[in-house]
S.K.: 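Quick one: structure below, then a few questions.
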Amino acid sequence: MNLIYLIGMPGSGKSYWGSIWGDKYGYEVVDLDFNIERHAGVRISDIFYGMGEQGFRSIEAAVLLETITAARGQNTVIVTGGGTPVFDGNFKTMQRTGFIVYLEATIPYLVKNLEITPQIHRPLIGEPTPEILEGLLQKRRTFYEQADMTVNAEELSKDTFAEIQKACIDRQLSWAQSRPWQQ
């Protein structure tokens with residue numbers, strides 16, 4: 001399995017850790033939000049304001065499929081947006097094509113991280129209050145918790161990716177052993 005998806009709330013460190021792990025372990029790193037902006041030719045916030053959330057989600061689903069196709073055969077970490085798994089069957093697409101890792105974090109941790117990062121790409125959050133983040137998390141938690149692996153975002157290190165790779169390989173072996181007719 002060469003695709004590893006990072007999912008989780010905004011501020012959980014998906015982009016940061018994806019970049020760190022990609023450099024250390026030789027994976028390509030693709031930030032889905034960056035690909036969406038490149039595809040649309042405008043910032044995500046402009047897409048939201050011009051087309052609404054449903055318009056954005058349609059573009060997001062199409063760009064996710066393009067990204068998956070472009071990554072075939074390469075070891076790739078795909079950093080998703082916080083809402084990516086929730087819409088347009090994206091979670092099922094990710095399940096079929098890769099290994100999903102949920103970076104789980106507490107609300108205070110998310111607030112702290114969001115206060116120190118630009119909010120250009122986060123039109124659903126605006127001011128990162130605990131109430132807004134908790135509301136978003138409640139809507140998304142069901143999807144996040146279906147990930148192949150959950151890691152505590154507040155305790156990540158460069159070496160965490162080795163654990164992710166091992167879990168990914170273990171799942172592949174288990175899957176292959178359960179289908180002896182394909183060997």
S.K.: Between Y109 and G11, is there a donor-acceptor pair closer than 3.5 Å when you use the side chain of the first and the backbone of the second?
M.R.: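 Between the backbone of G11 and the side chain of Y109 there is no qualifying donor-acceptor contact (under 3.5 Å).
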
S.K.: Under 3.5 Å, is there a donor-acceptor pair between the side chain of S19 and the main chain of S15?
M.R.: no

S.K.: Run the side chain to side chain contact (heavy atoms under 4.5 Å, CB included) test on I20 and F161 for me, step by step, so that the C-alpha distance in whole Å, both residues' side-chain angles and the decisive distance to 0.1 Å come before the verdict.
M.R.: CA-CA 10 Å; I20 296 289; F161 197 72; over 6 Å; no

S.K.: Looking only at non-hydrogen atoms, find the nearest pair between R140 and P10 and report the distance.
M.R.: NH1-CD, 3.7 Å

S.K.: Determine whether a donor-acceptor pair (N or O, by modelled atom type, separation under 3.5 Å) exists between the side chain of D88 and the backbone of N90.
M.R.: no

S.K.: Can you name the side-chain contact (heavy atoms from CB on, under 4.5 Å) partners of F34, sequence neighbours left out?
M.R.: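 Once residues adjacent in sequence are excluded, the partners of F34 under the side-chain contact (heavy atoms from CB on, under 4.5 Å) criterion are D31, R38.
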
S.K.: Would you check if E104 and Y144 make a side-chain contact, meaning some heavy-atom pair closer than 4.5 Å?
M.R.: no

S.K.: How close do L32 and T67 get, heavy atom to heavy atom, and via which atoms?
M.R.: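 That would be CD1-OG1, 3.7 Å.
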
S.K.: Tell me the closest heavy-atom pair linking T160 and E155, and the distance in Å.
M.R.: OG1-O, 4.4 Å

S.K.: With a 4.5 Å limit on heavy-atom distance, are the side chains of T84 and I7 in contact?
M.R.: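 Not touching, per the 4.5 Å side-chain cut-off.
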
S.K.: Is there a donor-acceptor pair closer than 3.5 Å between any side-chain N or O of E37 and the backbone N or O of I44?
M.R.: yes

S.K.: Enter the distance from I132:CD1 to L137:CG here, rounded to the nearest 0.5 Å.
M.R.: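 Taking CD1 in I132 and CG in L137, the distance rounds to 13.5 Å.
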
S.K.: With a 4.5 Å cut-off on side-chain heavy atoms, are L64 and Y5 touching?
M.R.: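 Sidechains of L64 and Y5: in contact.
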
S.K.: To the nearest 0.5 Å, tell me how far S12 OG sits from L6 CG.
M.R.: 8.5 Å

S.K.: Answer whether the closest heavy-atom distance between the side chains of V111 and T129 falls below 4.5 Å.
M.R.: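 With C-beta onward as the side chain, the pair stays apart.
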
S.K.: Does the pair W21 and I164 meet the rule for a side chain to side chain contact (heavy atoms under 4.5 Å, CB included), with working shown?
M.R.: CA-CA 10 Å; W21 293 332; I164 292 168; 3.8 Å; yes

S.K.: Tell me every residue that passes side-chain contact (heavy atoms from CB on, under 4.5 Å) with P108, counting only those two or more places apart in sequence or in another chain.
M.R.: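 Listed in chain order: T106.
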
S.K.: Rounded to the nearest 0.5 Å, how far apart are CZ of R96 and CD1 of I68?
M.R.: 8.0 Å

S.K.: Does the side chain of F143 come within less than 4.5 Å of M94's, by heavy atoms?
M.R.: no

S.K.: Would you indicate whether the side-chain heavy atoms of E66 and N35 approach each other to under 4.5 Å?
M.R.: no

S.K.: Rounded to the nearest 0.5 Å, how far does NZ of K158 lie from OH of Y25?
M.R.: 9.5 Å

S.K.: Closest heavy-atom contact between F91 and A147?
M.R.: CZ-N, 3.9 Å

S.K.: Which heavy-atom pair separates V77 from G18 by the least distance, and what is that distance?
M.R.: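 V77 and G18 have their closest heavy atoms at CG1-CA, 4.2 Å.
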
S.K.: Could you grab the distance from atom CD of Q95 to atom CG of D148, nearest 0.5 Å is fine?
M.R.: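 Answer for the CD-CG pair, Q95 versus D148, is 7.0 Å.
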
S.K.: Taking the side chain as everything from C-beta on, heavy atoms only, tell me whether I36 gets closer than 4.5 Å to F56.
M.R.: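 The answer is yes, as the side chains (C-beta and beyond) meet within the 4.5 Å cut-off.
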
S.K.: Is there a donor-acceptor contact under 3.5 Å from the side chain of K14 to the main chain of G8?
M.R.: yes

S.K.: Please lay out, stage by stage, how E60 and R57 fare under the test salt bridge (charged side-chain N to carboxylate O under 4.0 Å, His left out).
M.R.: CA-CA 5 Å; E60 179 182 55; R57 297 299 177 190; 3.0 Å; yes

S.K.: Applying side-chain hydrogen bond (donor to acceptor under 3.5 Å, both in side chains), can you list everything that pairs with Q54, at least two apart in sequence or on another chain?
M.R.: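 Once residues adjacent in sequence are excluded, Q54 has no partner under the side-chain hydrogen bond (donor to acceptor under 3.5 Å, both in side chains) criterion.
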
S.K.: Looking at Q74, is its backbone amide N or carbonyl O close enough to the side chain of T76 to form a donor-acceptor pair, meaning the two atoms are under 3.5 Å apart?
M.R.: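 Checking the backbone N and O of Q74 against the side chain of T76, a donor-acceptor pair under 3.5 Å is found.
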
S.K.: Is it the case that atom CD in E134 sees more than 12 heavy atoms from other parts of the structure closer than 6.0 Å?
M.R.: yes

S.K.: Distance check, rounded to the nearest 0.5 Å: I4 atom CD1 versus I100 atom CD1?
M.R.: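 Answer for the CD1-CD1 pair, I4 versus I100, is 11.5 Å.
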
S.K.: Would you indicate whether the side-chain heavy atoms of T150 and E145 approach each other to under 4.5 Å?
M.R.: no

S.K.: How far apart are the closest heavy atoms of I47 and A40, and which atoms are they?
M.R.: CD1-CB, 3.6 Å

S.K.: Same cluster or not: are I59 and L65 linked, directly or through other Ile, Leu, Val, Met, Phe, Trp or Tyr residues, by side-chain heavy atoms under 4.5 angstrom apart?
M.R.: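 No, no single cluster joins them.
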
